[in-house]
Amino acid sequence: MVKKVLTWLGIAFLIFFIAFNPSSAAAVFESLGGTIADIARGFGTFFTDLVA
């Protein structure tokens, strides 16, 4: 029950954040996307070096 409430509160906060501060929200998601891409690139380099 607590997990369900926290999930809905998180979704509500996310919608509120995007609705009232869209440029800042876009910057946050762009930064997260870049970080995820960097991590994926690092894993790719690691496995390439491991096999080669």
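If you're wondering where the values come from, they're calculated on a predicted model, not measured in any experiment.
- For residues 16-25, no pair satisfies salt bridge (Lys or Arg N to Asp or Glu O under 4.0 Å), with sequence neighbours left out.
- The side-chain hydrogen bond (donor to acceptor under 3.5 Å, both in side chains) pairs that include a residue from residues 11-36 number zero, where partners must be two or more places apart or lie in different chains.
- Legend: residues meeting side-chain contact (heavy atoms from CB on, under 4.5 Å) with I15, ordered by chain and number and at least two apart, are I11.
- Sorted by first and then second residue, the salt bridge (Lys or Arg N to Asp or Glu O under 4.0 Å) pairs involving residues 12-23 (not counting sequence neighbours) form an empty list.
- For residues 3-23, the ring-ring contact (aromatic ring centres under 6.0 Å, His included) pairs, not counting sequence neighbours, are F16-F20.
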Listed pairs under 3.5 Å, donor-acceptor, residues 37-52 side chains, sequence neighbours left out:
unit_1 : atom_1 : unit_2 : atom_2 : d
D38    : OD1    : R41    : NH1    : 2.8
T45    : OG1    : R41    : O      : 3.0
T48    : OG1    : G44    : O      : 2.7

